[in-house]
Amino acid sequence: MPCWKEVNKSLILKNNLWCKSTLDTKTVYDQNATKWLRTAPSSLSDFTARPLVFDACGEQLERRSVLDLGCGEGYCARELKRRGAGAYLGVDLSDEMIQIAQQQEQQDQYGIEYVSCDVTNFKPEGQFDLCIAVFLFNYLSVEDMHQVMATAYDAITPGGHFIFSVPHPFFPFVRQEEAPPFYFSSSGKNYFADVNQQFEGKIWKKGGEALHVQCVHKTFDDYFRGLRQAGFNTMPELQELTVTTELAQTDPEFFSPLINQPLHLLFKVSR
Ligand SMILES: C[S@@+](CC[C@H](N)C(=O)[O-])C[C@H]1O[C@@H](n2cnc3c(N)ncnc32)[C@H](O)[C@@H]1O
């Protein structure tokens with residue numbers, strides 16, 4: 001399995017542009033890894049997206065094996081283990097996020113394996129019952145995302161599932177206000193013309209701290225075409241996630257700016 005540093009060296013020579021944008025993402029996560037560590041829901045998407053990802057994976061995972069692409073500091077890994085997941089491999093570009101995940105694993109002893117690696121150059125050994133990618137694809141170009149979707153297809157056992165969440169492609173255009181609890185800057189950007197452009201943004205934690213996030217813009221077509229080209233030929237289940245009035249009532253000050261806004265997409269597709 002190539003590690004990030006080996007892969008990076010050859011890619012610098014091959015493609016400076018690719019390397020620059022990827023290094024930026026790595027730097028963002030390396031520098032903010034401690035801010036991301038959480039043992040209970042705290043950032044907006046811990047309420048608006050991740051619980052729905054977990055539900056899509058199933059209440060009882062019954063020892064199903066999981067490949068977690070862009071696993072970060074392991075928030076999703078720990079929850080899926082608590083829900084009964086079996087063998088678990090988490091992969092992330094950021095050495096710091098992986099180090100924090102491993103430190104947490106030493107305390108918890110859930111049996112999660114973490115590897116620091118770029119998913120665009122990653123070929124797992126063996127297959128998994130489930131592959132997840134929670135807010136990974138907003139860091140990849142359309143072309144890299146399509147390649148990773150093909151990797152996910154190969155990595156899943158027949159009958160297994162690929163589940164991923166991404167920012168809703170309309171969100172940066174619908175919410176132009178750069179304010180809490182979530183935004184992506186899209187001033188002067190166009191839905192079709194600015195595919196593969198990186199939008200900078202922030203997502204807030206309930207305590208008031210903001211996390212730096214990025215979104216390489218894609219259209220609906222980019223997601224569906226990528227899945228088809230990767231080999232997925234069943235109809236994906238698609239959920240468009242928002243802040244419901246019920247969720248807003250639990251903390252009106254935090255959630256109400258986003259009631260009924262198109263925040264995220266959740267895809268579930270079987271191989
Ligand atoms: C928003 S965080 C989500 C982390 C985790 N999935 C979660 O839901 O808590 C995005 C993660 O994707 C990782 N990432 C971005 N580009 C990547 C790449 N090319 N290969 C592997 N991981 C990547 C980042 O390092 C970061 O940890």
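- A56 approaches I163 most closely through the heavy-atom pair O-CD1, 3.5 Å.
- Of the possible donor and acceptor atoms, none in the side chain of D92 sits under 3.5 Å from a partner among the backbone N and O of I98.
- Pairing each heavy atom of R83 with each of G58, the nearest pair is NH1-O, 4.0 Å.
- By the neighbour-count criterion of 12 heavy atoms within 6.0 Å, atom CD of E253 is sparsely surrounded, having that number or fewer from other residues, nucleotides or ligands.
- Between the side chain of S65 and the backbone N or O of F128, no donor-acceptor pair lies under 3.5 Å.
- Across all non-hydrogen atoms, the minimal contact from A101 to G72 is CB-O, 4.0 Å.
- Between Y114 and D68 the shortest side-chain heavy-atom distance does not fall below 4.5 Å.
- Looking only at side-chain heavy atoms (C-beta outward), Y88 and L61 stay at 4.5 Å or farther from each other.
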Start with the C-alpha gap between V134 and Y75, add the side-chain angles, then the distance that decides, and say whether side-chain contact (heavy atoms from CB on, under 4.5 Å) holds. CA-CA 10 Å; V134 181; Y75 180 84; over 6 Å; no

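- Separation of the F137 and F164 ring centroids falls under the 6.0 Å cut-off.
- No side-chain donor-acceptor contact under 3.5 Å links S42 to the backbone of K205.
- With hydrogens and angles disregarded, a donor-acceptor distance shorter than 3.5 Å links the side chain of Q127 to the backbone of D154.
- Side-chain contact check for H217 versus K189: every heavy-atom pair is 4.5 Å or farther apart.
- Between the side chain of R175 and the backbone N or O of F182 there is at least one donor-acceptor pair closer than 3.5 Å.
- R271 forms no cation-pi arrangement with F162, by the criterion of a distance under 6.0 Å to the ring centre and an angle within 45° of the ring axis.
- Remark: D221 does not engage R228 in a salt bridge, criterion side-chain N to carboxylate O under 4.0 Å.
- At a threshold of 4.5 Å between non-hydrogen side-chain atoms, the residues K81 and E105 do not count as touching.
- For the residue pair N190 and D194, the shortest heavy atom distance occurs at N-OD2, 2.6 Å.
- L37 is not connected to M97 by any chain of hydrophobic side-chain contacts under 4.5 Å among Ile, Leu, Val, Met, Phe, Trp and Tyr, and they are in different clusters.
- Remark: the backbone N or O of F267 is not paired with any side-chain donor or acceptor of E237 at under 3.5 angstrom.
- Residue pairs that meet the ring pair (Phe, Tyr, Trp, His ring centres under 6.0 Å) test with at least one member in residues 35-64, sequence neighbours left out, are Y29-W36, F47-F255.
- Expressed to the nearest 0.5 Å, how far NE2 of H161 lies from OG1 of T234 amounts to 7.5 Å.
- Hydrophobic clustering, with ILVMFWY side chains joined whenever heavy atoms are under 4.5 angstrom apart, groups F199 together with Y139.
- Of the possible polar contacts, one joining the K218 side chain to the V216 backbone as a donor-acceptor pair under 3.5 Å is found.
- What you find for M149 and G226 is that their closest heavy atoms are SD-C, 3.4 Å.
- How far CZ of R50 is from CG of L44: 9.5 Å, rounded to the nearest 0.5 Å.
- Every salt bridge (Lys or Arg N to Asp or Glu O under 4.0 Å) that D222 has, sequence neighbours left out, goes to R225.
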side-chain contact (heavy atoms from CB on, under 4.5 Å) evaluation trace for L265 with E240: CA-CA 5 Å; L265 299 179; E240 296 183 273; 3.8 Å; yes

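- You'll find the side chain of S187 stays beyond 4.5 Å of the side chain of Q176, heavy atoms only.
- Panel note: side chain H168, backbone L241; no donor-acceptor pair is recorded below 3.5 Å.
- Separation of atoms OG (S256) and CD1 (I259) is listed at 5.5 Å; rounding is to 0.5 Å.
- Put simply, CZ on R82 and OH on Y110 are 4.0 Å apart, with the number rounded to the nearest 0.5 Å.
- Results of the side chain to side chain donor-acceptor pair (under 3.5 Å) test with S185 over K202, E200, E178 single out E178 as the only residue that passes.
- One finds the CG atom of L93 at 10.5 Å from the SG atom of C71 (value rounded to the nearest 0.5 Å).
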Would F122 and L67 count as a side-chain contact (heavy atoms from CB on, under 4.5 Å) if you check the C-alpha gap in whole Å, the side-chain angles of each, and the deciding distance to 0.1 Å? CA-CA 12 Å; F122 172 70; L67 173 63; 4.0 Å; yes

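- Side-chain contact check for L211 versus N32: every heavy-atom pair is 4.5 Å or farther apart.
- Put simply, the side chain of Y183 reaches to within 4.5 Å of the side chain of W204, judged on heavy atoms.
- The backbone N or O of N138 sits nowhere less than 3.5 Å from a side-chain atom of Q214 that would complete a donor-acceptor pair.
- Using a 4.0 Å cut-off between charged side-chain N and carboxylate O, E73 and R78 make a salt bridge.
- Remark: side-chain polar atoms of N260 are not paired, donor with acceptor, to backbone N or O of T242 under 3.5 angstrom.
- Counting heavy atoms from C-beta outward, F171 and L258 have side chains that approach closer than 4.5 Å.
- Summarising the geometry of G70 relative to L136, their closest heavy-atom pair is CA-CD1, 4.0 Å, with the distance given to 0.1 Å.
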F220 and Y191: CA distance, side-chain angles, deciding distance, ring pair (Phe, Tyr, Trp, His ring centres under 6.0 Å) verdict: CA-CA 10 Å; F220 272 92; Y191 179 75; 7.5 Å; no

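- Between D95 and K26, at least one side-chain nitrogen of the basic residue sits less than 4.0 Å from a carboxylate oxygen of the acidic one, meeting the salt-bridge criterion.
- Judged as a side-chain hydrogen bond (donor to acceptor under 3.5 Å, both in side chains), and not counting sequence neighbours, the contacts of T151 are K123.
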